[in-house]
Structure formats: structure tokens, C-alpha cells
Amino acid sequence: MNSKLIRTIFLALAFGFLVLWVLEFRRAGLLESYWLLLLCIVCFLLFQFSRLKAATLAKQAGESKAKTSAVGCRPSAVSSPAKKPKK
């Protein structure tokens with residue numbers, strides 16, 4: 001699945017559980033509604049984990065791409081003939 005879609009789902013679930021928790025907290029109290037708060041926190045932490053994992057993978061991909069392009073573009077004095085200056 002697309003990582004942006006997963007992050008969006010986790011964030012929507014966290015927000016939904018938070019709204020449900022507020023409504024349930026007003027109706028029944030903390031002891032009966034803490035499980036909704038815990039689900040909200042779990043979804044938010046999963047969202048953060050997914051975001052940081054995607055950022056790390058993108059950084060690693062960028063570094064490996066930079067390494068390969070830097071190695072491939074390195075000029076070699078042996079393979080290229082010396083240019084004569086124009087008069």
C-alpha cells in the first residue's frame with residue numbers, strides 16, 4: 001500500500017477515536033472511556049512511526065543516488081586526452 005494512504009488512515013483513525021473519546025468521556029467518565037483514548041494514542045504513534053520510516057527511507061535513497069551519481073561523474077585524467085589551448 002502507499003505510505004501516504006496509510007499515514008492518512010492512521011491520522012483519521014486517531015482523530016476519530018479522539019472525538020469518540022471526548023463524547024464518551026462526557027457521558028460515562030474516564031474509567032469507562034480510557035480505552036478509546038489509548039486507541040487514539042496508538043493510532044497517532046503508528047502515524048508518527050510510518051512518517052519517520054518513510055523519511056528515513058527517502059533519505060537513504062537520496063544518499064545512495066548521490067553516491068552513484070558522484071562516482072559515475074568523476075572525470076578520469078587517463079581516459080580523456082588533454083585539450084590544447086586555443087590561440
Side-chain angles (χ1 to χ4, degrees):
M1 241 189 206
N2 189 1
S3 65
K4 285 186 177 183
L5 176 63
I6 292 173
R7 286 193 304 249
T8 303
I9 290 171
F10 283 145
L11 196 58
L13 282 173
F15 181 71
F17 283 132
L18 182 66
V19 169
L20 286 175
W21 175 74
V22 168
L23 293 173
E24 188 68 15
F25 177 74
R26 291 178 61 193
R27 187 185 70 81
L30 183 64
L31 292 176
E32 288 82 19
S33 64
Y34 74 94
W35 62 275
L36 285 167
L37 182 62
L38 292 178
L39 284 175
C40 172
I41 292 170
V42 165
C43 288
F44 183 69
L45 289 175
L46 287 171
F47 165 76
Q48 287 288 80
F49 176 74
S50 175
R51 188 176 64 86
L52 291 174
K53 185 178 175 184
T56 304
L57 289 174
K59 184 179 177 183
Q60 288 175 351
E63 287 176 356
S64 66
K65 189 176 182 180
K67 281 184 180 179
T68 57
S69 65
V71 171
C73 294
R74 186 180 308 159
S76 176
V78 176
S79 63
S80 64
K83 292 184 178 180
K84 295 180 183 178
K86 291 185 178 181
K87 291 184 181 179

**Message:** Through direct or indirect side-chain contacts below 4.5 angstrom among Ile, Leu, Val, Met, Phe, Trp and Tyr, which residues connect to V19?
**Reply:** F15, L23
**Request:** May I have all residue pairs that pass salt bridge (charged side-chain N to carboxylate O under 4.0 Å, His left out) and include part of residues 7-16, sequence neighbours excluded?
**Result:**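 The answer is none; no pair qualifies.
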**Item:** Residue pairs involving residues 27-42 (criterion salt bridge (charged side-chain N to carboxylate O under 4.0 Å, His left out); sequence neighbours excluded)
**Value:**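 Applying salt bridge (charged side-chain N to carboxylate O under 4.0 Å, His left out) to every pair that reaches into residues 27-42, excluding sequence neighbours, yields E24-R27.
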In chain order, what residues pass the side-chain contact (heavy atoms from CB on, under 4.5 Å) check against [X], with sequence neighbours excluded?
X   : result
L52 : none
L5  : M1, N2, I9
E63 : K59
F49 : K53

Is it true that [X] and [Y] fall in one hydrophobic cluster, defined by side-chain heavy atoms closer than 4.5 Å?
X   : Y   : result
V22 : L20 : yes
L45 : W35 : yes
L38 : F47 : no

**Pairs satisfying side chain to side chain donor-acceptor pair (under 3.5 Å), at least one member in residues 41-52, at least two apart** =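 Found Q48-R51.
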**C40 to A14 - nearest heavy-atom pair and separation** =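 Heavy-atom minimum between the residues: SG-O, 3.3 Å.
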**Item:** Test ring pair (Phe, Tyr, Trp, His ring centres under 6.0 Å) applied to Y34 - qualifying residues, sequence neighbours left out
**Value:**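 For Y34, no residue satisfies ring pair (Phe, Tyr, Trp, His ring centres under 6.0 Å) once neighbours in sequence are set aside.
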**Request:** Indicate yes or no: at least one non-hydrogen side-chain atom of S33 is less than 4.5 angstrom from one of F25.
**Result:**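 Yes. Closest side-chain heavy atoms under 4.5 Å.
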**Request:** Determine whether L30 and W21 make a side-chain contact, defined as any pair of heavy atoms from C-beta on separated by less than 4.5 Å.
**Result:**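 When only atoms from C-beta onward are counted, W21 and L30 do touch, with a gap below 4.5 Å.
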**Message:** Working to the nearest 0.5 angstrom, can you tell me the gap between L18 CG and L13 CG?
**Reply:** 12.5 Å
**Rounded distance (nearest 0.5 Å) linking atom CZ of F10 with atom CG of L46** = 4.5 Å
**Request:** Not counting sequence neighbours, which residues clear side chain to side chain donor-acceptor pair (under 3.5 Å) with R26? List them please.
**Result:**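 Side chain to side chain donor-acceptor pair (under 3.5 Å) check on R26 returns nothing, list empty.
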